[in-house]
Asker: 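Take a look at this one; I'll ask things after.
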Protein chains: 2
Amino acid sequence: MSPKLSARQQQLLAALRTTAGEVSGQDLHAHLRQSNTPMGLATVYRHLRQLQQWGLVRCRHLPSGEALFAPTERDDHHLTCVDCGTTRPLGHCPVQALELPGSALDGFLPLFHTLEFFGLCAACQQRQGRAAEDNAARP
Amino acid sequence: MSPKLSARQQQLLAALRTTAGEVSGQDLHAHLRQSNTPMGLATVYRHLRQLQQWGLVRCRHLPSGEALFAPTERDDHHLTCVDCGTTRPLGHCPVQALELPGSALDGFLPLFHTLEFFGLCAACQQRQGRAAEDNAARP
DNA sequence: AATCAAACGAGAATCATTCTCAACCTAGCC
DNA sequence: GGCTAGGTTGAGAATGATTCTCGTTTGATT
């Protein structure tokens, strides 16, 4: 399916795999720059895009706008607080169990998915609760 | 939970609700600019961010980098081709049925979610198949 | 009407990402 | 070896969506 990876692409993917969690393009570049396989920023982004097209790399965007990359073989998903923006991994993937009806797919070949829950973390719920009380107390 | 919406915020949300599908910030601004409730670009983004924090608006990023906004009450999800980038709505949401174990949530209050499948559309599978054959035929 | 705080918007600033293009490999061939 | 064609690289410039700044406006309250 995906053609053979070039040496550079393998280095990039390897670097991505060794990082715990997700990395931004800039960070990945900084990290590679200090490794024994440095490469230019343009090259990092070029291959990141290519690997995404081949379904080997996924990318998600935080509410802050930051783009984070990770290898797709990690089936990680997240809970993200819409208020404070903290994001935390979800233990295991509940989508594996899901069957997509073939009729819905209509020829589409799924390679991986992203699932993300947005809501309020415990801290922000408390903070908002307090703020609401304060408001009520000051009519 | 979310404080009362200001007039501007209601206009913005209304505009978002009347557009079919999803809109980029720029497009929404352009659209409002020609309506009877024009507003500045800064204001559009300011409130879009605020509404996201209140869980009323969601945003997803296409592989092309474009950011698209939609009201969260629409429970739409998508199939996106990693190769050509076309994106197509999925009939109905298979996540509704999912139960998240409370233990996994640990105080987190989910408001909405995003689910997106990435893979190859029928056309790109064919194109790749042909390319592979071409390669095999030219050793 | 006077005062004050909050909301607005034009334009500047930011910054991740993409583009440009000259230099540089690599493989195949003479 | 020397040569060419084709693809890859990376420094720096360009892009463009989003955010910030800050003087102005609005609107609520007294």
Side-chain angles (χ1 to χ4, degrees), chain A residues 2-16 22-54 57-70 82 84-85 131 134-135 138-139, chain B residues 2-16 22-54 57-70 82 84-85 131 134-135 138-139:
Chain A
S2 50
K4 282 183 277 302
L5 300 186
S6 75
R8 253 15 193 321
Q9 290 166 343
Q10 290 181 10
Q11 293 164 4
L12 209 160
L13 197 50
L16 205 53
E22 311 157 291
V23 225
S24 68
Q26 300 284 343
D27 288 354
L28 186 55
H29 171 239
H31 184 254
L32 282 163
R33 179 175 269 282
Q34 279 158 271
S35 74
N36 52 346
T37 58
M39 67 184 78
L41 189 55
T43 306
V44 169
Y45 280 109
R46 237 191 313 255
H47 287 156
L48 232 27
R49 192 143 42 97
Q50 183 69 78
L51 294 175
Q52 275 184 273
Q53 283 193 6
W54 291 340
V57 165
R58 109 183 53 194
C59 148
R60 82 180 168 116
H61 293 255
L62 296 186
S64 68
E66 215 177 342
L68 298 179
F69 298 86
V82 293
C84 66
D134 288 359
N135 276 334
R138 194 191 313 109
Chain B
S2 48
K4 282 184 275 302
L5 300 186
S6 74
R8 252 16 192 318
Q9 291 166 343
Q10 291 181 9
Q11 292 164 5
L12 208 161
L13 197 51
L16 204 54
E22 310 155 291
V23 226
S24 68
Q26 301 284 343
D27 287 355
L28 186 56
H29 171 239
H31 184 254
L32 282 163
R33 177 174 272 282
Q34 281 159 268
S35 74
N36 52 345
T37 57
M39 68 184 78
L41 190 55
T43 306
V44 170
Y45 279 111
R46 238 192 312 255
H47 287 156
L48 233 25
R49 193 143 41 97
Q50 183 69 80
L51 293 175
Q52 274 183 274
Q53 283 193 7
W54 292 340
V57 165
R58 109 183 53 193
C59 149
R60 82 180 168 116
H61 293 254
L62 296 186
S64 67
E66 215 178 342
L68 299 180
F69 299 86
V82 292
C84 67
D134 288 359
N135 278 334
R138 195 191 312 110

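All figures in this text were calculated on a predicted structure; none of them were measured in a lab. Quick note on labels: first sequence line is chain A, next is B, and so on, each numbered from 1.
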Asker: Using side-chain heavy atoms (C-beta onward) and a distance below 4.5 Å, is B:Pro38 in contact with B:Leu32?
Answerer: no
Asker: Output the distance between atom CD (B:Gln50) and atom CD (B:Gln9), rounded to the nearest 0.5 Å.
Answerer: 6.0 Å
Asker: Determine, stepwise, if the pair A:Leu48 / A:Leu28 fulfils side-chain contact (heavy atoms from CB on, under 4.5 Å).
Answerer: CA-CA 10 Å; A:Leu48 232 27; A:Leu28 186 55; 4.1 Å; yes
Asker: What residues, two or more places apart in sequence or in another chain, satisfy ring pair (Phe, Tyr, Trp, His ring centres under 6.0 Å) together with A:His31?
Answerer: none
Asker: What do the steps show when you test A:Leu51 against A:Phe69 for side-chain contact (heavy atoms from CB on, under 4.5 Å), and what is the final call?
Answerer: CA-CA 11 Å; A:Leu51 294 175; A:Phe69 298 86; over 6 Å; no
Asker: Rounded to the nearest 0.5 Å, what separation is found between the NE2 atom of A:His47 and the CD atom of A:Gln10?
Answerer: 11.0 Å
Asker: Excluding sequence neighbours, so at least two apart, what forms side chain to side chain contact (heavy atoms under 4.5 Å, CB included) with A:His29?
Answerer: A:Arg33, A:Leu41, A:Val44
Asker: Extract, from 5' to 3' on DNA chain D, the first and final nucleotides lying under 4.0 angstrom from some heavy atom of chain B.
Answerer: D:dA17 to D:dC20
Asker: Could you write nucleotides 5-17 of chain C as a row of B, S and -, 5' to 3', where a protein heavy atom under 4.0 Å of any base atom gives B, of only sugar-phosphate atoms gives S, and otherwise -?
Answerer: ---BBB-----SB
Asker: State the OG-CD distance between B:Ser6 and B:Gln11, to the nearest 0.5 angstrom.
Answerer: 8.0 Å
Asker: Walk me through it: do B:Arg8 and B:Leu12 pass the test side-chain contact (heavy atoms from CB on, under 4.5 Å)?
Answerer: CA-CA 6 Å; B:Arg8 252 16 192 318; B:Leu12 208 161; over 6 Å; no
Asker: Filter on salt bridge (charged side-chain N to carboxylate O under 4.0 Å, His left out), then keep only pairs touching residues 57-69 of chain B, sequence neighbours left out; what's left?
Answerer: B:Glu22-B:Arg60, B:Arg60-B:Glu116
Asker: Based on the rotation axes of five pairs at each end, what angle does the helix from C:dA1-D:dT30 to C:dC30-D:dG1 bend through, to 10°?
Answerer: 10°
